[in-house]
> 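A single structure is presented below for examination.
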Amino acid sequence: MQQISNIGRRKTAIARVYLRPGNGSITINSRDIKEYFPSEVLQIIVNQPLELVNEMGKYDFHVNVKGGGVTGQAQAVRLGIARSLVEISPENRPAIKKEGYLTRDSRMVERKKYGRRKARRSFQFSKR
């Protein structure tokens with residue numbers, strides 16, 4: 001089997017995920033997942049699609065991720081892994097889609113407008 005590549009995005013984070021058969025290692029930006037995401041919660045987020053379809057330990061994932069914060073990056077990696085699993089075996093699609101792991105979360109930060117302090121927050125008002 002050849003290498004399969006997919007892209008996951010969330011906010012401004014972009015994750016390029018490369019899947020190949022192996023022993024279940026996940027490498028993110030040339031570092032182990034436990035080193036890159038020290039938080040247990042973020043590791044669980046990344047592993048959610050694998051646990052759902054019982055594919056833990058079957059594939060190696062090499063991920064390049066940039067932009068955004070750690071949570072956005074973890075969710076971008078999760079989307080890329082889910083897309084790769086569906087590409088490997090299409091019978092996994094209904095279960096992964098039902099959990100919402102194939103949905104690209106399109107929410108972005110609203111831009112700041114002129115005449116305001118933030119996107120919607122006005123400057124402080126004083127009568128005097």
Side-chain angles (χ1 to χ4, degrees):
M1 183 186 99
Q2 290 286 72
Q3 173 175 283
I4 290 180
S5 63
N6 273 294
I7 292 179
R9 291 190 184 93
R10 173 72 173 100
K11 292 187 177 178
T12 57
I14 301 171
R16 290 174 184 83
V17 178
Y18 304 97
L19 173 145
R20 46 176 91 90
N23 57 0
S25 71
I26 300 177
T27 310
I28 302 173
N29 290 356
S30 303
R31 288 157 53 188
D32 186 57
I33 183 172
K34 288 182 173 62
E35 187 185 338
Y36 194 82
F37 292 130
S39 166
E40 190 72 31
V41 175
L42 297 176
Q43 293 173 29
I44 290 170
I45 286 173
V46 170
N47 287 319
Q48 279 174 333
L50 293 166
E51 290 173 1
L52 181 69
V53 295
N54 297 321
E55 298 284 338
M56 293 292 278
K58 292 185 180 177
Y59 303 109
D60 286 346
F61 291 95
H62 178 73
V63 181
N64 292 328
V65 65
K66 65 178 182 179
V70 287
T71 307
Q73 286 187 351
Q75 292 171 357
V77 171
R78 178 178 69 183
L79 177 60
I81 288 176
R83 285 177 172 172
S84 298
L85 290 174
V86 167
E87 197 171 318
I88 280 268
S89 52
E91 63 269 10
N92 290 335
R93 184 176 173 84
I96 293 175
K97 190 165 174 61
K98 183 173 180 272
E99 289 296 317
Y101 300 148
L102 290 176
T103 306
R104 179 1 183 149
D105 193 344
S106 61
R107 294 176 294 172
M108 300 287 279
V109 176
E110 191 174 342
R111 81 170 199 85
K112 185 199 173 296
K113 277 79 166 191
Y114 54 86
R116 302 238 167 209
R117 206 166 99 193
K118 291 168 65 179
R120 298 185 179 198
R121 167 91 164 88
S122 323
F123 291 112
Q124 186 169 343
F125 175 74
S126 171
K127 264 186 162 176
R128 294 167 200 249

> Check Leu50, Val86, Ile96 against Ile81 for a side-chain contact (heavy atoms from CB on, under 4.5 Å) and give me the one that passes.
Leu50
> For the CD1 atom of Ile4 and the CZ atom of Phe61, what is their distance to the nearest 0.5 Å?
9.5 Å
> Evaluate whether atom NZ of Lys34 has more than 12 neighbouring non-hydrogen atoms of other residues, nucleotides or ligands under 6.0 angstrom away.
no
> Between Asn64, Val65, Val17, which is the residue that forms a side-chain contact (heavy atoms from CB on, under 4.5 Å) with Ile28?
Val65
> Does Tyr18 offer a backbone N or O that forms a donor-acceptor pair with the side chain of Ser5 under 3.5 Å?
no
> Treating Ile, Leu, Val, Met, Phe, Trp and Tyr as nodes and any side-chain heavy-atom pair under 4.5 angstrom as an edge, say whether Ile88 and Tyr101 lie in one connected cluster.
yes
> What is the minimum heavy-atom distance between Ala76 and Ala13, and which atoms define it?
CB-O, 4.0 Å
> Dump the intermediate steps for side chain to side chain contact (heavy atoms under 4.5 Å, CB included) on Lys66 and Arg16, then the final yes or no.
CA-CA 9 Å; Lys66 65 178 182 179; Arg16 290 174 184 83; 4.2 Å; yes
> Look only at the side chain of Gln73 and the backbone of Ala15, and say whether a donor-acceptor pair between them is shorter than 3.5 Å.
no
> Rounded to the nearest 0.5 Å, how far apart are CD of Gln75 and CZ of Arg78?
5.5 Å
> Would you say Asn23's side chain and Asp60's backbone share a donor-acceptor pair under 3.5 angstrom?
no
> Got a second to check how far Glu99's CD is from Gln48's CD, nearest 0.5 Å?
8.0 Å
> Would you name the heavy atoms of Asn92 and Glu55 that are closest together and state the gap between them?
ND2-OE2, 4.2 Å
> Please check if atom CZ in Arg107 has more than 12 non-hydrogen atoms from other residues, nucleotides or ligands closer than 6.0 Å.
no
> With rounding to the nearest 0.5 Å, note down the distance linking OG in Ser122 to NZ in Lys113.
11.5 Å
> Do Val53 and Leu102 sit in one hydrophobic cluster, given that two such residues count as connected whenever their side-chain heavy atoms are within less than 4.5 Å of each other, even indirectly?
yes
> Under 3.5 Å, is there a donor-acceptor pair between the side chain of Arg83 and the main chain of Ile7?
yes
> Working to the nearest 0.5 Å, report the span between CG of Leu79 and CZ of Arg104.
8.0 Å
> Same hydrophobic cluster for Ile45 and Met56, using side-chain heavy-atom links shorter than 4.5 Å among ILVMFWY?
yes
> Less than 4.0 Å between a side-chain N and a carboxylate O, is that true for Asp105 and Arg10?
yes
> How about Lys112: does its NZ atom have over 12 heavy atoms from other parts shown lying under 6.0 Å from it?
yes
> Working to the nearest 0.5 Å, report the span between CD1 of Ile26 and CG of Leu19.
10.0 Å
> Flag yes if Ile14 and Tyr36 sit in one hydrophobic cluster, no otherwise; membership is Ile, Leu, Val, Met, Phe, Trp, Tyr, and two members link when side-chain heavy atoms are under 4.5 Å apart.
no
> Assigning hydrophobic clusters by single linkage (Ile, Leu, Val, Met, Phe, Trp, Tyr; side-chain heavy-atom cutoff under 4.5 Å), is Val70 placed with Val46?
yes
